[in-house]
Amino acid sequence: MIYSSDLNKNLASQIIEAGTPIPGDDVVSSLKACYQCGTCTGSCPSGRRTSYRTRKVIRKALLGMDDVLDSDDIWKCTTCYTCYERCPRDVKVTEIIKTIRNLAAQKGNMAKAHKMTAMYVLKYGHAVPANKNTAELRKSIGLSEKAPIAQFSEKDLNEMNTLIKELGFDELIGFDWEKGALKE
Ligand code: SF4
Ligand code: SF4
């Protein structure tokens, strides 16, 4: 756990840099405007059912407590954007949580459920692949059973997998190409 002011600044800066693709973009730097009112936690549907506390994550990020990057809680946000809409300080909370997750994933902390979703993208080209029910529904309204999507195009899937390997996304989620499944 890191508490020193220099390192605190580093974590907040890391989050801001990682989440700011355009110079001057204030989406993630809005982190600094948080005054800890707790409206985000009070609005969070996930926090009602889990140990996840949005305000605490934002506070830890501001204080540079980098154990937030090892936390399971950051993966419990459903990205519903309620906190984002309700924050009285216009802190872009959901974008900040996503940026923290990106940093956490680079450190090797990614929730299994998110790895599974990423694996679907890798294997089928979609986080929610079409299935038997989808095929039946399409057929019932006179459409072909298979939609013209990446899932049913070897060429598109090959192109996607080339990009995925080039970017190291397969390694990030721990995908084993031989088994066609996640390692572990
Ligand atoms: S609602 Fe906004 S200002 Fe209030 S604690 Fe959450 S992020 Fe901070
Ligand atoms: S976006 Fe995430 S943190 Fe914000 S209210 Fe929804 S679940 Fe909670």
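- In this structure, CG in Asp72 is found 8.0 Å from OG in Ser51, a value given to the nearest 0.5 Å.
- In this structure, Ile164 CD1 and Asp170 CG are separated by 7.5 Å, a value rounded to the nearest 0.5 Å.
- Here Lys56 contributes atom NZ and Ser71 contributes atom OG; the two are 8.0 Å apart, rounded to the nearest 0.5 Å.
- Between Val121 and His126, the closest side-chain pair of non-hydrogen atoms is not below 4.5 Å.
- Using a 4.5 Å heavy-atom cutoff, the side chains of Thr39 and Cys87 are not in contact.
- Counting heavy atoms from C-beta on, the side chains of Cys77 and Arg101 come closer than 4.5 Å.
- Tracing side-chain contacts under 4.5 Å through hydrophobic residues (I, L, V, M, F, W, Y), one reaches Leu182 starting from Trp75; they form part of the same cluster.
- Salt bridge status for Arg53 with Asp73: absent, with no side-chain N to carboxylate O gap under 4.0 Å.
- In terms of heavy-atom proximity, Ile97 sits nearest to Thr54 at CD1-CG2, 4.5 Å.
- Put simply, the side chain of Glu95 reaches to within 4.5 Å of the side chain of Tyr84, judged on heavy atoms.
- Within a 6.0 Å radius of OH in Tyr120, other residues, nucleotides and ligands contribute 12 heavy atoms or fewer.
- In this structure, Ser140 contributes its side chain and Leu137 its backbone to a donor-acceptor pair below 3.5 Å.
- Residues Tyr35 and Pro88 form a side-chain contact, since some pair of their non-hydrogen atoms from C-beta on lies under 4.5 Å apart.
- Side chain of Arg55 to main chain of Thr41: no donor-acceptor pair is present (N/O by atom type, distance under 3.5 Å, no hydrogens or angles).
- Shown here for Lys183 and Asp176, the closest heavy-atom pair between the two residues is CG-CB, 3.8 Å.
- The distance from the CD atom of Glu85 to the SG atom of Cys40 is 14.0 Å, given to the nearest 0.5 Å.
- Summarising the geometry of Leu172 relative to Ala105, their closest heavy-atom pair is CD1-O, 3.6 Å, with the distance given to 0.1 Å.
- Contact of the Tyr124 side chain with the Met119 side chain is not registered, since no non-hydrogen atoms from C-beta on lie closer than 4.5 Å.
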Residues Arg138, Glu145; criterion side-chain contact (heavy atoms from CB on, under 4.5 Å); working and verdict: CA-CA 6 Å; Arg138 285 179 60 84; Glu145 288 186 26; 5.8 Å; no
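- Seen from the ring of Trp177, Lys165 counts as a face-on cation partner, given the 6.0 Å and 45° thresholds.
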Start with the C-alpha distance between Cys83 and Thr94, add both sets of side-chain angles, then the distance that settles side-chain contact (heavy atoms from CB on, under 4.5 Å), and finish with yes or no. CA-CA 7 Å; Cys83 53; Thr94 318; 3.7 Å; yes
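- With Thr117 contributing its side chain and Ala113 its backbone, the two residues share a donor-acceptor pair below 3.5 Å.
- No hydrogens or angles considered: nothing links the side chains of Thr99 and Asn102 as a donor-acceptor pair under 3.5 Å.
- Criterion: ILVMFWY side-chain heavy atoms under 4.5 Å apart, direct or through other members. Under it, Ile149 and Met160 are not part of a common hydrophobic cluster.
- Remark: side-chain polar atoms of Ser46 are paired, donor with acceptor, to backbone N or O of Lys76 under 3.5 angstrom.
- Side chains of Ile58 and Leu62 form a contact here, defined as non-hydrogen atoms less than 4.5 Å apart.
- Annotation: Lys155, atom NZ; neighbour count of heavy atoms from other residues, nucleotides and ligands within 6.0 Å does not exceed 12.
- Residues Ile74 and Asn109 have side chains in contact (heavy-atom distance under 4.5 Å, counting atoms from C-beta outward).
- In this structure, Leu157 and Ala150 approach most closely via the heavy-atom pair CG-O, 3.3 Å.
- There is no side-chain donor-acceptor pair under 3.5 Å between Lys139 and Ser144.
- Counting non-hydrogen atoms of other residues, nucleotides and ligands closer than 6.0 Å to CD of Glu166 gives a total of 12 or fewer.
- Within 6.0 Å of CD in Glu159 there are more than 12 heavy atoms belonging to other residues, nucleotides or ligands.
- Pairing each heavy atom of Val57 with each of Val68, the nearest pair is CG1-CG2, 3.9 Å.
- Contact record, Gly180 with Lys123: O-NZ, 2.9 Å, taken as the closest heavy-atom pair.
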